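Here's the structure, in structure tokens; my notes come after.
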Amino acid sequence: MERKRLLGLIGLVILISGVFSPALRVPELGNVNYFVCGKGDGTILIMLALISSLFVLKKNYNALWYTGFGSLSVIGFTFVNIQKGLAELLSPVAHTYHLSWGWIVLIVGAGSVIAAAALKENTVELASAY
């Protein structure tokens, strides 16, 4: 299997895993994943991952730029909104809410999709004899 395809598929698995990984630690509830705390943003990421999988399977790697950066944009949007919400609504108790390791998984997954788009094609050049 070529490296671009393998990296793209691994990135998609990591991205989808990140959607269901702990994103926020809430004292009363425990760990909350991105699918729940994003209120629909997790669904958008899953859709982008599924679209990306079609691009990978059809070897349309240039389209991964759009879905990869789209995924990073959704992740960033949710991250900023959670930070704003914690700062504005929960300022007296915001210190009890903690971000969790799921954010790293999401970023690595989206980054892997982008890396698959950026990776050079596997080309083998034959040395010419002089």
Side-chain angles (χ1 to χ4, degrees):
M1 183 179 287
E2 63 185 77
R3 294 182 314 168
K4 286 176 80 84
R5 179 176 275 189
L6 183 62
L7 182 59
L9 291 175
I10 290 171
L12 296 170
V13 169
I14 293 171
L15 182 60
I16 291 172
S17 298
V19 171
F20 299 103
S21 299
L24 191 63
R25 174 89 176 127
V26 180
E28 301 84 26
L29 300 174
N31 289 321
V32 178
N33 63 31
Y34 187 88
F35 193 78
V36 173
C37 76
K39 296 182 182 173
D41 295 347
T43 305
I44 294 170
L45 282 182
I46 291 171
M47 294 302 293
L48 285 169
L50 292 174
I51 292 167
S52 296
S53 69
L54 293 175
F55 292 146
V56 169
L57 294 174
K58 291 185 179 252
K59 297 184 180 184
N60 185 1
Y61 300 113
N62 284 333
L64 293 178
W65 288 107
Y66 301 108
T67 56
F69 279 112
S71 297
L72 277 181
S73 299
V74 172
I75 294 166
F77 176 79
T78 305
F79 183 81
V80 168
N81 281 340
I82 288 174
Q83 291 297 323
K84 279 177 55 177
L86 289 176
E88 293 173 3
L89 302 175
L90 306 170
S91 56
V93 292
H95 65 281
T96 61
Y97 292 77
H98 302 285
L99 296 177
S100 195
W101 55 269
W103 293 99
I104 296 169
V105 177
L106 289 165
I107 292 168
V108 167
S112 297
V113 172
I114 294 169
L119 194 63
K120 297 283 186 209
E121 290 286 339
N122 291 343
T123 56
V124 177
E125 295 182 19
L126 299 174
S128 60
Y130 287 83

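Here the structure is a predicted model, which is why all the values come from computation and not from measurement.
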So do the side chains of Ile14 and Val105 get within less than 4.5 Å of each other, counting heavy atoms only?
-> yes
What are the two closest heavy atoms between Val56 and Tyr61, and how far apart are they?
-> O-OH, 4.0 Å
Same cluster (ILVMFWY, side-chain, under 4.5 Å), Ile114 and Ile51 = no
Shared hydrophobic cluster, Leu50 / Leu45 (ILVMFWY, side-chain heavy atoms < 4.5 Å) = yes
Leu24 and Leu99, any side-chain heavy atoms less than 4.5 Å apart = yes
What closest approach, in Å, do Leu64 and Ala117 show between heavy atoms, and which atom pair accounts for it?
-> CB-CB, 3.8 Å
Looking only at non-hydrogen atoms, find the nearest pair between Lys120 and Arg3 and report the distance.
-> O-NH2, 4.1 Å
Determine whether Ile46 and Phe20 make a side-chain contact, defined as any pair of heavy atoms from C-beta on separated by less than 4.5 Å.
-> yes
Shortest non-hydrogen contact from Asn31 toward Arg25 = OD1-CD, 3.3 Å
Side-chain contact test, heavy atoms from C-beta onward, threshold under 4.5 Å: evaluate it for Val74 versus Tyr34 and give yes or no.
-> yes
Separation of Ser112 OG from Leu6 CG (nearest 0.5 Å) = 10.5 Å
Option among Leu106, Ile44, Asp41 that satisfies the side chain to side chain contact (heavy atoms under 4.5 Å, CB included) test with Thr78 = Asp41
So do the side chains of Leu15 and Ser71 get within less than 4.5 Å of each other, counting heavy atoms only?
-> yes
Write down the atom of Gly11, the atom of Val113, and the distance for their closest heavy-atom approach.
-> C-CG2, 4.1 Å
Does Leu54 belong to the same Ile/Leu/Val/Met/Phe/Trp/Tyr cluster as Leu9, with side-chain heavy atoms less than 4.5 Å apart forming each link?
-> no
Are any of the side-chain heavy atoms of Ile75 and Trp103 separated by less than 4.5 Å?
-> yes
Check whether Ile16 and Val32 end up in the same hydrophobic cluster, where Ile, Leu, Val, Met, Phe, Trp and Tyr are linked by side-chain heavy atoms less than 4.5 Å apart.
-> yes
Determine whether more than 12 heavy atoms belonging to other residues, nucleotides or ligands lie under 6.0 Å from atom CD1 of Ile104.
-> no
Please report the closest heavy-atom contact between Ala110 and Gly68, naming both atoms and the distance.
-> CB-O, 4.1 Å
To the nearest 0.5 angstrom, please state how far the CG atom of Leu72 sits from the CZ atom of Phe79.
-> 13.0 Å
